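Numbering of residues begins at 1 and proceeds along the displayed sequence. Counting convention: from 1, in listed order, for ligands and their atoms alike. Quantities reported herein were computed from a predicted structural model and do not represent experimental measurements. No hydrogens, no waters, no symmetry mates; every other heavy atom, side chains included, goes into these values.
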Amino acid sequence: MNLISLRHFQAKKGSFSLKIGNLSLSSGELVAICGRNGSGKTTLLKALTGLIPYHGTYYLNGLDFNKIVAKEKYQLISYLPQEGRLGLPFDVFYVVLTGRFPLTDSKNYRSEDLKATEEILDALELISFKDRPFPQLSGGEKRRVLLARALNRKAQILFLDEPLAGIDLLHQQKIMQFWRLYVEKLNALILVVVHDLSLALRYFDRLLFLENGTLIGDFPPEKVTESFLTRLVGLPTKILRPEDKNFQGIYLVGR
Ligand SMILES: Nc1ncnc2c1ncn2[C@@H]1O[C@H](COP(=O)(O)OP(=O)(O)OP(=O)(O)O)[C@@H](O)[C@H]1O
């Protein structure tokens, strides 16, 4: 099912302009957005979330985005910004619980919100942190907690801006596995800004490539070519395709 449809879509940030002629994203897809710094990845996620205005056509779950009321948008979409700052001394459990706020009556959290929070903390191996004050966590721990908060709403659409930056390799792998289950269980769409092209090629269903605000590529990982990446990255690029597709560990390239 089409969850997002864009036509002649444009969003501006100062003199920068993002332009997408045509794009459809469906439920059940884990999609990476790739591109160099300043290519428009964050601009795209912000425009799709409604944080910056757009021109053109944007249908969300079959409805004109501009005609959907805010509460419904927040129930359908969960957005993790690139710079998630939170200076207040809340404990980790409460920070993650607040991810459920759009599902409540805006006054009280329900027992199912508490239960869901326990479950997501457990799934992301954060349960032992639950009573710790958020500001005291390390950078990577904070990112994992903010990701748990974004996932806790169980929204059908997730927009995640560089959620794996600063996270250790073991937890990156666990998060990738969790996203796969999330997509399957909730028939969800997850759109993730990723700089690590190895990760994007190995774990995602579809890769979108932006350059100077233009969508220059939209491929499944098997169709991404070395010549395309060489041009995109600006460096000679080789793709090593794993022989053992069931291998769950990481591949490192040595000298
Ligand atoms: N408020 C603003 N005013 C003017 N230009 C802006 C503004 N915000 C962003 N830009 C410019 O828009 C372009 C796209 O920014 P965006 O944050 O979408 O890039 P990105 O692909 O997410 O980059 P990165 O990989 O560095 O996070 C950049 O060149 C940036 O300098």
Side-chain angles (χ1 to χ4, degrees), residues 4-25 29-58 60 65-66 73 77-86 139-140 142-147 149-151 155 157-169 171-172 175-176 179 189-219 221 224 228-237 239:
I4 288 177
S5 292
L6 307 179
R7 265 182 79 78
H8 306 303
F9 182 85
Q10 267 198 56
K12 273 184 165 271
K13 250 187 182 179
S15 58
F16 178 81
S17 178
L18 171 82
K19 289 185 188 151
I20 294 186
N22 221 326
L23 179 68
S24 295
L25 300 168
E29 287 190 304
L30 186 50
V31 182
I33 311 176
C34 308
R36 293 194 204 176
N37 291 142
S39 57
K41 304 177 297 295
T42 296
T43 306
L44 174 61
L45 287 194
K46 284 194 169 160
L48 292 179
T49 308
L51 295 172
I52 55 174
Y54 67 88
H55 292 285
T57 309
Y58 174 14
L60 181 73
F65 186 81
N66 282 324
K73 282 180 197 165
I77 296 175
S78 186
Y79 169 60
L80 175 70
Q82 191 174 5
E83 296 138 17
R85 277 199 220 106
L86 202 69
K142 281 183 181 151
R143 289 299 289 163
R144 281 164 54 207
V145 168
L146 293 178
L147 176 64
R149 179 169 72 158
L151 295 168
I157 300 175
L158 297 179
F159 296 143
L160 309 174
D161 200 342
E162 294 195 39
L164 300 175
I167 294 187
D168 63 59
L169 295 174
H171 288 102
Q172 284 191 12
I175 289 165
M176 297 298 320
W179 287 342
L189 164 68
I190 308 188
L191 202 51
V192 190
V193 173
V194 186
H195 276 287
D196 183 339
L197 291 170
S198 297
L199 209 74
L201 285 165
R202 189 150 172 225
Y203 292 105
F204 285 75
D205 302 317
R206 186 171 166 188
L207 284 74
L208 305 180
F209 294 97
L210 289 175
E211 190 175 75
N212 300 323
T214 306
L215 184 65
I216 58 157
D218 175 359
F219 311 110
V224 178
F228 178 85
L229 288 184
T230 294
R231 197 176 76 70
L232 179 96
V233 175
L235 287 170
T237 306
I239 303 175

[X] N/O to ligand 1 N/O under 3.5 Å:
X	value
Gly38	yes
Ser39	yes
Gly35	no

For [X], take its heavy atoms, then give the atoms of ligand 1 lying under 4.0 Å from any of them.
X	value
Asn37	23 (O), 24 (P), 25 (O), 26 (O)
Gln82	27 (O)
His195	25 (O)
Arg36	21 (O)
Lys41	18 (O), 20 (P), 21 (O), 22 (O), 23 (O), 24 (P), 25 (O)
Gly14	3 (N), 4 (C)

>> Going by side-chain contact (heavy atoms from CB on, under 4.5 Å), Ile33 matches just one of Leu45, Val192, Val194. Which one?
In response: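 One option only clears the test, and that one is Leu45.
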> Less than 4.0 Å between a side-chain N and a carboxylate O, is that true for Glu211 and Arg231?
Replying inline: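 Yes.
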> Does Asp161 come within less than 4.0 Å of Lys41, counting only side-chain N to carboxylate O?
Replying inline: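 Between Lys41 and Asp161 there is no salt bridge, as every charged N stays at least 4.0 Å from the carboxylate O atoms.
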>> Quick check with a 6.0 Å cut-off and a 45 degree axis cone: is Lys19 positioned over the face of Phe9's six-membered ring?
In response: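 Here Lys19 fails the 6.0 Å and 45° test against Phe9.
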